[in-house]
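Okay, structure first, notes after.
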There are 4 protein chains.
Amino acid sequence: MSTPQGEIRRGRGRPRTPGAEKRIIDAALEEYGEHGWSGFTMDGVARRAGVGKSTVYLRWQDKDSLLTDAVSSHSGDIGGVDTGSLRGDLHDLAVNLFSHYRDPAGWAALRVLVDAAGAPHQLGRFVETVADVQVRFIDQIAARAIERGEVPADLPAREIGQCVYGSVTMQTLGVRLEGREFDDAEIEERATVLVDVVLPQALRP
Amino acid sequence: MSTPQGEIRRGRGRPRTPGAEKRIIDAALEEYGEHGWSGFTMDGVARRAGVGKSTVYLRWQDKDSLLTDAVSSHSGDIGGVDTGSLRGDLHDLAVNLFSHYRDPAGWAALRVLVDAAGAPHQLGRFVETVADVQVRFIDQIAARAIERGEVPADLPAREIGQCVYGSVTMQTLGVRLEGREFDDAEIEERATVLVDVVLPQALRP
Amino acid sequence: MSTPQGEIRRGRGRPRTPGAEKRIIDAALEEYGEHGWSGFTMDGVARRAGVGKSTVYLRWQDKDSLLTDAVSSHSGDIGGVDTGSLRGDLHDLAVNLFSHYRDPAGWAALRVLVDAAGAPHQLGRFVETVADVQVRFIDQIAARAIERGEVPADLPAREIGQCVYGSVTMQTLGVRLEGREFDDAEIEERATVLVDVVLPQALRP
Amino acid sequence: MSTPQGEIRRGRGRPRTPGAEKRIIDAALEEYGEHGWSGFTMDGVARRAGVGKSTVYLRWQDKDSLLTDAVSSHSGDIGGVDTGSLRGDLHDLAVNLFSHYRDPAGWAALRVLVDAAGAPHQLGRFVETVADVQVRFIDQIAARAIERGEVPADLPAREIGQCVYGSVTMQTLGVRLEGREFDDAEIEERATVLVDVVLPQALRP
DNA sequence: AATTAATCGAGACGGTACGTCGGGTCTTATG
DNA sequence: CATAAGACCCGACGTACCGTCTCGATTAATT
């Protein structure tokens, strides 16, 4: 988070209202979800959260920071999978990603990400989150597979991860442009097909 | 383009200045490239292009349309590849995509795309352009490969295309977040690795 | 006025809406009259005038300037008196001043004046207007009286003027603090008494 | 003062810091003197006085009250004159007023007064102070003069007082708008001339 | 050549949101 | 209790842009 509250707040003065942070973030995500980027206004967020604008600006320096933070605070446990097989892990990873993008905050995250990459100024923890998905999660999955002897040690894990993450993203982009969303069955099916494409030769059906 | 100049301009009154269209689009891309979305202003574009705002609004109905148009006007011949082998075609497709993203307009296109998907309201021809890249190009490539007998007819072409397009996008996202760009050698290498991952079993090295 | 439109507006771009200036000034005076200084807001003025805030700020650099200008634009013909006698002229001057202060704009003018004197930064034409009232009008009145042979040439005209202006101001201040206003009869009576006090010895009853 | 501390403070809890009242008032006058009305902020006063805002608001209900109070606490003994002659008394009264206005607090008082008259809401003791200057002091001076037999009993004392108070105010206004101040010699001279104008016929030189 | 009509650069227009600031209130921990 | 600190809600500030509009000045094609 860009909210620089690492330091311990010593108790002089009125403490910051505990719930406010969360209420603002929730409001931000709702506003963004309803109105998109245009129509995502700080006044609107403050009003919806039931706080004053100064309370928002006390915590985030500007609109971008707020959205970035809001979005990265919802990047859940996408990579928290462990099915016992590489195929299963990749499948679940893909499903988790598809589901992640169905959450407005999840999709918003992509937008923020593209923004951040377009004008590299403030990154912070958010980029790490992304790196996690792109790199660490897949590394863990691959490590387990190698340990199990499923695949050779020179498995191009990261490249596979990029394909999974990228393909899910592109498919979601496509379906959203059609004005639709994937239902659970579709996700299941597409995840399966995707895994078949990227899975190492030896493990394909 | 969304510029609604399909109708024939019957020549009464002053004709539109020929160069203006292009100068505005170039200015738009430069402004976007320098300042990002925030900081991309119509006044700025008009000033940089040396035209009045009315000249801009005479051709594009709003800011979104201009950027969308500017961006899609630079979507070059990504899929115009024909090397004689599926491997070669996929490799060149990946290389073209990597290069496309190095062009500010190419990167901007992704941004616009994500925006459009986030708030599905006005899409128009732009979405088609994207669909083209995702679908038509890969379909052509696959059709040729099947014709040549390289691969069976049930090749999951679109899924492979999604992987290629997606992986390139994610890798570019990653490298941009690091503040870097890929050089030609890197692109070559990454394209090769990527093709190895998504290429059907039978054609792998 | 602090509106720096002395230069001739050459016809490039859309000309400023002719009526706007006046509508804004009127709105300003009404807002000030209704709500006082606090509660006199630029948003309120713009809304009441039916213009955008930018239209206001295009003409006046800030709130103070607007009020100053609004107020000085209503400093009417206080000194435009010529009754044929010094006594009559002074009497009418006093009556005009009393009446001037009954106009909200007239009273506001005093407020602005005191402010300006408290923090001497931007004065401009407004101060001149005031100086006019204090000095030029009384000088004219005195000059005519001397010409007519009513009074000697060494008449302390300015000092008399200060007494008239000051006394009317203080009396108005007093009556306003009581929450009242002078009616016409009271004004008449007080003007008469005042003139008796300041009129040169020879001309007193 | 509007500080509602007529009640006896029963000694429960921490007693109010003794010096605070004065420090705040001084800070208020300094802030007002330096920045004028705009730029006179409660935060600024509290900071300068080295107290918390609550300490200020515990004593004064709002900004107006504080300034009003600060200002009226410095309204010294303007009318405390007794020279033995009407001419001398009026002269000293004028000199005292001129001097009063050289004190920032003295001038600020006028601003507060005009404010109060513009929006008659809270008056309190401050108006009385003004009434004193305008009425009581001049009444006393006149009473003594009548007692001494200097002037007839129907002397228009209040009108004379208004002229003195008003003229001094207007002259000060004028000189302040020039960005100057009167020095002692100037005050002396102007007081003398002023008295000559308003003094009853029989007592003029 | 005169007329007509669309486009041009410029810039003012009514709005809306920005990020800041101040007013007056409230809530802590410390006297 | 009062205090110093400082967060709170509110709303105005002055700025920047949006997309529209209105100018006078071009610039052809049509009379």
Side-chain angles (χ1 to χ4, degrees), chain A residues 9-17 20 38-44 46-47 49-63, chain B residues 9-17 20 38-47 49-64, chain C residues 9-17 20 38-47 49-63, chain D residues 9-17 20 38-44 46-47 49-64:
Chain A
R9 294 275 304 99
R10 60 287 184 285
R12 209 45 134 66
R14 176 174 177 171
R16 296 199 174 168
T17 306
S38 60
F40 170 69
T41 70
M42 293 302 256
D43 292 80
R47 202 178 319 113
V51 306
K53 262 207 293 182
S54 43
T55 303
V56 179
Y57 278 102
L58 201 55
R59 291 168 164 74
W60 293 275
Q61 53 170 326
D62 55 20
K63 206 162 108 148
Chain B
R9 293 270 308 98
R10 61 282 186 285
R12 193 65 123 73
R14 175 175 179 171
R16 294 196 176 170
T17 305
S38 60
F40 169 70
T41 70
M42 292 303 256
D43 292 80
V45 170
R47 203 178 318 115
V51 306
K53 270 208 290 180
S54 39
T55 304
V56 180
Y57 277 101
L58 204 53
R59 291 168 165 74
W60 291 275
Q61 54 170 326
D62 56 20
K63 200 163 113 152
D64 284 336
Chain C
R9 295 273 308 100
R10 61 285 183 282
R12 209 51 133 60
R14 175 175 178 171
R16 296 197 174 170
T17 305
S38 59
F40 169 70
T41 72
M42 292 302 256
D43 292 81
V45 170
R47 202 177 319 114
V51 305
K53 264 209 291 181
S54 43
T55 303
V56 179
Y57 278 102
L58 202 55
R59 292 169 164 73
W60 291 274
Q61 54 170 327
D62 56 20
K63 207 162 106 146
Chain D
R9 295 270 308 94
R10 58 284 185 285
R12 192 68 123 68
R14 176 174 176 173
R16 291 196 175 173
T17 306
S38 60
F40 169 70
T41 70
M42 292 302 256
D43 292 79
R47 202 177 320 113
V51 305
K53 269 209 290 181
S54 39
T55 306
V56 179
Y57 277 101
L58 202 55
R59 291 169 164 77
W60 292 275
Q61 53 171 325
D62 56 22
K63 200 162 113 153
D64 284 336

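Naming convention: chains lettered A, B, ... in sequence-line order (proteins, then strands); numbering from 1 in each chain.
Secondary structure note: stems in DNA chain F built from 3 or more consecutive Watson-Crick or G-U wobble pairs under 3.5 Å occupy E:1-31 with F:1-31.
Among dC13(F), dG23(E), dT7(E), the nucleotide with an atom closest to any side-chain atom of Lys63(D) is dG23(E).
The base of dC18(F) is not paired with the side chain of Thr41(B) by any donor and acceptor separated by under 3.5 Å.
Looking at which nucleotide of DNA chain F each of Tyr57(C) and Gly50(A) is closest to, the 5′-most match is held by Gly50(A). Toward the 5' end of DNA chain E, the nearer of the two residues Gly39(A) and Ala20(C), judged by each one's closest nucleotide, is Ala20(C). Both Ala49(C) and Phe40(D) lie close to DNA chain E; mapped to their nearest nucleotides by heavy-atom distance, the more 5′-ward contact belongs to Ala49(C). With the nearest nucleotide of DNA chain F identified for both Asp43(B) and Val56(A), Val56(A) has the one nearer the 5' end.
Within the 4.0 Å cut-off from OP1 or OP2 of dA4(F), at least one side-chain nitrogen or oxygen of Thr55(D) is found. Considering only side-chain N and O atoms, Thr17(A) lies nowhere under 4.0 angstrom from the phosphate OP1 or OP2 of dA7(F). Between Arg59(B) and dC8(E) there is a side-chain N or O to OP1 or OP2 distance below 4.0 Å.
The distance between atom CG of Leu58(C) and atom C1' of dG15(E), rounded to the nearest whole Å, is 15 Å. One atom, NZ of Lys53(D), and another, P of dG22(E), lie 10 Å apart when rounded to the nearest Å. Whole-Å rounding puts the Trp60(C) CH2 to dT15(F) P distance at 15 Å. Look at CE on Met42(C): it is 15 Å from P on dA16(F), rounded to the nearest Å. Taking atom CZ on Arg47(D) and atom P on dG23(E), their separation rounds to 10 Å, with Å as the unit.
Residues Arg59(A) and Thr17(A) approach most closely at NH2-O, 3.4 Å, considering heavy atoms.
A distance of 7.0 Å separates CE in Met42(D) from CG in Asp62(D), rounded to the nearest 0.5 Å.
Lys63(D) pairs by the salt bridge (Lys or Arg N to Asp or Glu O under 4.0 Å) definition with nothing, not counting sequence neighbours.
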Readout for nucleotides 25-31 of chain F: B = base within 4.0 Å of protein heavy atom, S = sugar-phosphate only, - = neither; 5' to 3' it is -BBSSS-

